[in-house]
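Here's the structure we're looking at; comments come further down.
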Amino acid sequence: MLDQKLIRENPTSVEENLSLRGKVYKISYIHELTIKKKQIDIEISSLQSESKKLSKSIGQVIGESQNKNTQELNDLKKKGNEYRIKISELEEAQRILDEQIRNEIYKLPNFPSKDAPIGKDESDNVQIKTWGDPLIKENLKSHWEIGENLNIFESAKSTKISKSRFITLIGDGARLERALINFMLDMHTKNNYLELMLPALVNSESLTGSGQLPKFSNESFKCSNDDLWLSPTAEVPLTAFHRNNIIDSKQLPLKYVAYSPCFRREAGSYGRDTKGLIRLHQFNKVELYWFCDPSKSIEAHKKITLDAESILKKLNLPYRLVDICTGDLGFSASRTFDLEVWLPSSKCYREISSCSNCLDFQARRSSIRAKIDKKNTYIHTLNGSGLAIGRTMAAILENGQQTDGSVKIPDALVPYFGSNILKTA
RNA sequence: GGAGAGGUGGCUGAGUGGUUGAAAGCGGCUCCCUGCUAAGGAGUUACAGGAGGUAACUUUUGUCGAGGGUUCGAAUCCCUCCCUCUCCGCCA
């Protein structure tokens with residue numbers, strides 16, 4: 001959420017900053033609302049002050065006299081009643097205005113960072129570096145072909161169980177998924193991340209706090225009988241973990257790692273990535289998350305990205321680092337580095353981690369602060385996948401494939417998987 | 001799911017309509033005292049927001065689980081919701 005005070009006092013700069021996303025944002029309406037609301041806030045406060053003094057004086061008069069029905073008292077009470085009516089009218093107006101402002105302000109995305117490359121869409125993203133040698137050969141199999149041959153996952157039965165875009169992992173496939181989760185959690189906890197196992201169902205307030213609601217209600221699954229949704233990413237409960245908290249600034253940065261299943265409706269992506277492990281309604285992910293001092297978030301963003309990268313390096317998977325342009329930034333992000341892993345069958349890099357600095361955008365929505373220099377200050381939040389498990393498995397299958405149809409397991413994973421080769425039983 | 005009991009400051013806990021943001025105790029902080037420690041004494045100590053000031057600070061509002069209501073005035077009375085505990089039922 002953007003700062004309401006900034007919208008009220010400097011609407012032009014707000015519009016300019018937002019327009020870096022390559023779209024026009026008109027905020028004159030919300031600007032007027034914030035001005036009106038401020039006036040009402042001031043008026044209410046001064047009326048409350050007068051009314052409070054009056055009530056105290058009534059208390060005094062009653063205390064001093066035996067007779068509780070004097071003309072003086074009745075006049076004072078009458079005056080108090082007038083205050084009460086006036087205040088409640090203003091409070092009603094304030095409530096309506098506040099709701100209108102929230103409705104509007106919650107739909108405004110975060111400001112893009114000045115450091116992010118300016119651009120319209122995906123095609124303007126900037127490759128910062130590559131790591132490893134991309135495997136380029138003819139007759140390479142896709143991961144779903146490999147998976148089918150090895151019988152480690154399948155879709156048809158899963159479609160019967162649920163619908164399309166669900167998958168069942170079988171035997172060594174399930175084992176490999178589990179190995180990847182444990183491997184990543186161990187790596188990150190050794191690197192001073194505190195592991196959390198969070199609720200997979202989250203309420204509307206939590207989704208609003210991290211930015212998924214109200215604008216993207218179409219992208220998550222909702223439980224019809226409750227105010228609960230299937231969490232689309234651990235970023236949601238992680239942000240909500242400290243909602244309405246004032247964190248001791250000595251504890252910053254707080255670094256968390258959480259494994260969670262993620263559920264996404266993938267509305268609007270019909271026909272894309274229909275095969276394999278790339279785009280599913282349910283997938284597993286290990287998420288990294290920082291709550292940090294606002295003055296240190298740029299440095300923290302580099303670190304969280306390095307921490308995600310370290311997994312790809314350990315697994316010896318070729319990847320590249322991409323600086324997401326202003327037009328392609330997610331709603332809550334101010335700057336995002338994507339890690340894209342090489343998928344030889346499609347001869348391209350595919351996103352496997354997205355590391356974002358949200359500045360105080362989520363902290364403001366979720367009211368997460370720390371006392372810094374004696375003032376309660378919204379902290380900065382950063383999130384990054386470390387990594388998406390299903391896509392990591394896809395990359396391992398494709399990059400490790402052997403001519404005999406087996407798959408070489410990366411050395412770092414062998415202790416977790418229990419074998420250095422994945423082949424038909 | 002049924003029945004009952006609760007939710008008050010960092011903690012324990014008093015407070016059923018009036019100058020009460022809240023007694024008392026513990027804890028915290030400051031100072032004093034004895035060589036150090038232990039013990040003791042005096043004082044001080046909720047939080048959040050707004051406005052003003054470079055700042056120390058001043059001022060104002062709100063807050064006793066949350067949100068409404070009654071009243072000139074609510075921690076206290078009424079309603080709704082959330083949460084915790086106990087018993088029963090169910091259950092991994």
Side-chain angles (χ1 to χ4, degrees), chain A residues 1-10 30-31 33-103 105 197-209 213 223-229 237 240-251 260-261 291 294 360 363-379:
Chain A
M1 179 164 65
L2 302 179
D3 185 1
Q4 207 175 119
K5 192 173 174 183
L6 187 66
I7 290 175
R8 192 173 67 233
E9 292 174 355
N10 204 342
I30 176 170
H31 173 238
L33 293 179
T34 55
I35 287 177
K36 265 191 220 163
K37 176 162 179 291
K38 186 70 192 169
Q39 285 166 348
I40 288 179
D41 287 347
I42 290 167
E43 204 174 338
I44 286 177
S45 178
S46 86
L47 281 174
Q48 277 170 333
S49 172
E50 287 172 41
S51 163
K52 212 169 147 177
K53 280 177 197 142
L54 180 72
S55 293
K56 278 191 183 175
S57 71
I58 291 175
Q60 272 177 4
V61 172
I62 288 174
E64 285 161 10
S65 76
Q66 275 73 21
N67 187 349
K68 303 204 170 171
N69 278 309
T70 61
Q71 185 62 36
E72 188 196 2
L73 269 177
N74 287 336
D75 288 348
L76 287 173
K77 284 185 186 179
K78 203 176 155 200
K79 203 173 168 208
N81 197 33
E82 283 163 17
Y83 276 128
R84 185 162 63 90
I85 289 166
K86 183 70 189 154
I87 288 170
S88 71
E89 280 170 4
L90 285 170
E91 278 175 343
E92 175 67 5
Q94 182 191 46
R95 197 187 57 76
I96 291 168
L97 273 173
D98 199 54
E99 200 181 309
Q100 287 173 328
I101 290 168
R102 277 174 183 279
N103 279 342
I105 209 168
M197 188 74 88
L198 294 149
L201 268 60
V202 295
N203 60 31
S204 299
E205 214 177 328
S206 298
L207 280 162
T208 306
L213 286 180
C223 303
S224 59
N225 287 332
D226 302 279
D227 177 31
L228 288 171
W229 306 64
F241 190 60
H242 282 298
R243 177 149 37 99
N244 296 331
N245 279 177
I246 296 175
I247 298 168
D248 181 358
S249 61
K250 287 195 287 287
Q251 293 182 347
S260 83
F291 296 86
D360 64 2
R364 199 180 289 282
R365 283 177 166 247
S366 301
S367 187
I368 305 169
R369 294 173 291 177
K371 206 173 271 295
I372 294 167
D373 295 332
K374 293 184 184 172
K375 279 176 76 177
N376 287 324
T377 313
Y378 290 109
I379 49 83

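Just so we're on the same page: letters track the sequence lines, and every chain starts at 1.
With respect to the salt-bridge test (charged N to carboxylate O, under 4.0 angstrom), the residues A/Arg95 and A/Glu99 qualify. Remark: A/Arg102 engages A/Asp98 in a salt bridge, criterion side-chain N to carboxylate O under 4.0 Å.
Closest non-hydrogen pair, A/Ser249 versus A/Ile372, comes out as CB-CG1, 4.2 Å. The heavy-atom pair separating A/Tyr378 from A/Ser367 by the smallest distance is CE2-CA, 4.1 Å.
With both pairing distances under 3.5 Å, B/U19 is matched to nothing as a Watson-Crick or G-U wobble pair. Checking B/C85 for Watson-Crick or G-U wobble geometry (two distances, each under 3.5 Å) identifies B/G4 as its partner. B/A42 and B/U30 make up a base pair, with Watson-Crick or G-U wobble contacts both under 3.5 Å. Applying the Watson-Crick and G-U wobble criteria (two distances, each under 3.5 Å), B/A48 pairs with B/U61. Of the nucleotides present, B/G69 is the one that pairs with B/C77 by Watson-Crick or G-U wobble criteria, both distances under 3.5 Å. B/A56 is unpaired under the Watson-Crick or G-U wobble criterion, no partner having all donor-acceptor distances under 3.5 Å. Pair assignment for B/C90 gives none, since no Watson-Crick or G-U wobble pairing has each distance under 3.5 Å.
A sub-4.0 Å separation between OP1 or OP2 of B/G49 and a side-chain N or O of A/Arg369 is present. Residue A/Asn81 places no side-chain N or O under 4.0 Å from the OP1 or OP2 atom of B/U71. The shortest distance between the side-chain N/O atoms of A/Lys52 and the OP1/OP2 oxygens of B/U19 is not below 4.0 Å.
The separation between A/Lys53 atom NZ and B/G18 atom C1' is 18 Å, rounded to whole Å. In this structure, A/Lys77 places its NZ atom 14 Å from P of B/G18, rounding to the nearest Å. The CG atom of A/Asn203 sits 17 Å away from the P atom of B/A66 (whole-angstrom rounding). For A/Lys37 and B/U61, the NZ to P distance is 18 Å, given to the nearest whole Å. In this structure, CD of A/Glu91 is placed 14 Å from P of B/U61, rounded to the nearest angstrom. One interatomic measurement links the two molecules: CD1 of A/Ile40 to P of B/U60, which rounds to 23 Å at whole-angstrom precision. Taking atom CG of residue A/Asn244 and atom P of nucleotide B/C83, one finds them 16 Å apart after rounding to whole Å. Per the geometry, CD belonging to A/Glu50 stands 13 Å off P belonging to B/G62, to the nearest Å.
Within the nucleic acid shown, A/Asp41 has no heavy atom closer than 4.0 Å to any nucleic acid atom. At a threshold of 4.0 angstrom between heavy atoms, the contacts of A/Lys78 with the nucleic acid are absent. Nucleic acid contact class of A/Lys79 (heavy atoms, under 4.0 Å, all strands): none. At a threshold of 4.0 angstrom between heavy atoms, the contacts of A/Arg95 with the nucleic acid are absent. Using a 4.0 Å heavy-atom criterion, one finds that A/Gly80 contacts the sugar-phosphate atoms exclusively.
Spacing of C1' atoms, B/C77 relative to B/U70, comes out at 8 Å, to the nearest Å. B/G15 and B/G9 are spaced 16 Å apart, taking the P atom of each and rounding to whole Å. A gap of 16 Å separates the C1' atoms of B/U76 and B/A23, to the nearest Å. For the P atom pair drawn from B/A22 and B/U60, the interatomic distance equals 15 Å after rounding to whole Å. If you take atom P in B/G13 and the same atom in B/G6, they sit 14 Å apart, rounded to whole Å. The C1' atoms of B/C85 and B/A74 are separated by 27 Å, rounded to the nearest whole Å. Straight-line distance between the P atoms of B/C64 and B/C11: roughly 15 Å, to the nearest whole Å. Across the P atoms, B/G21 and B/U54 are found 33 Å apart, a figure rounded to whole Å.
The CG atom of A/Leu33 lies 10.5 Å from the NE2 atom of A/His31; values are rounded to the nearest 0.5 Å.
Checking B/U61, B/G50, B/G73 against the side-chain heavy atoms of A/Arg84 singles out B/G73 as nearest. Considering only side-chain atoms of A/Ser49, the nucleotide from B/A51, B/U60, B/U70 that sits closest is B/U60. In the set B/U60, B/U19, B/G49, B/U19 carries the atom at the smallest distance from any side-chain atom of A/Lys56.
A donor-acceptor pair under 3.5 Å is formed between the side chain of A/Ser46 and the backbone N or O of A/Glu43. Side-chain atoms of A/Ser88 come within 3.5 Å of backbone N or O of A/Ile85 as a donor-acceptor pair.
Comparing A/Lys371 and A/Ile58, the nucleotide of RNA chain B nearest to each residue sits closer to the 5' end for A/Lys371. Both A/Gln48 and A/Ile246 lie close to RNA chain B; mapped to their nearest nucleotides by heavy-atom distance, the more 5′-ward contact belongs to A/Ile246.
Side-chain atoms of A/Gln48 and A/Glu91, non-hydrogen and from C-beta on, do get closer than 4.5 Å to each other.
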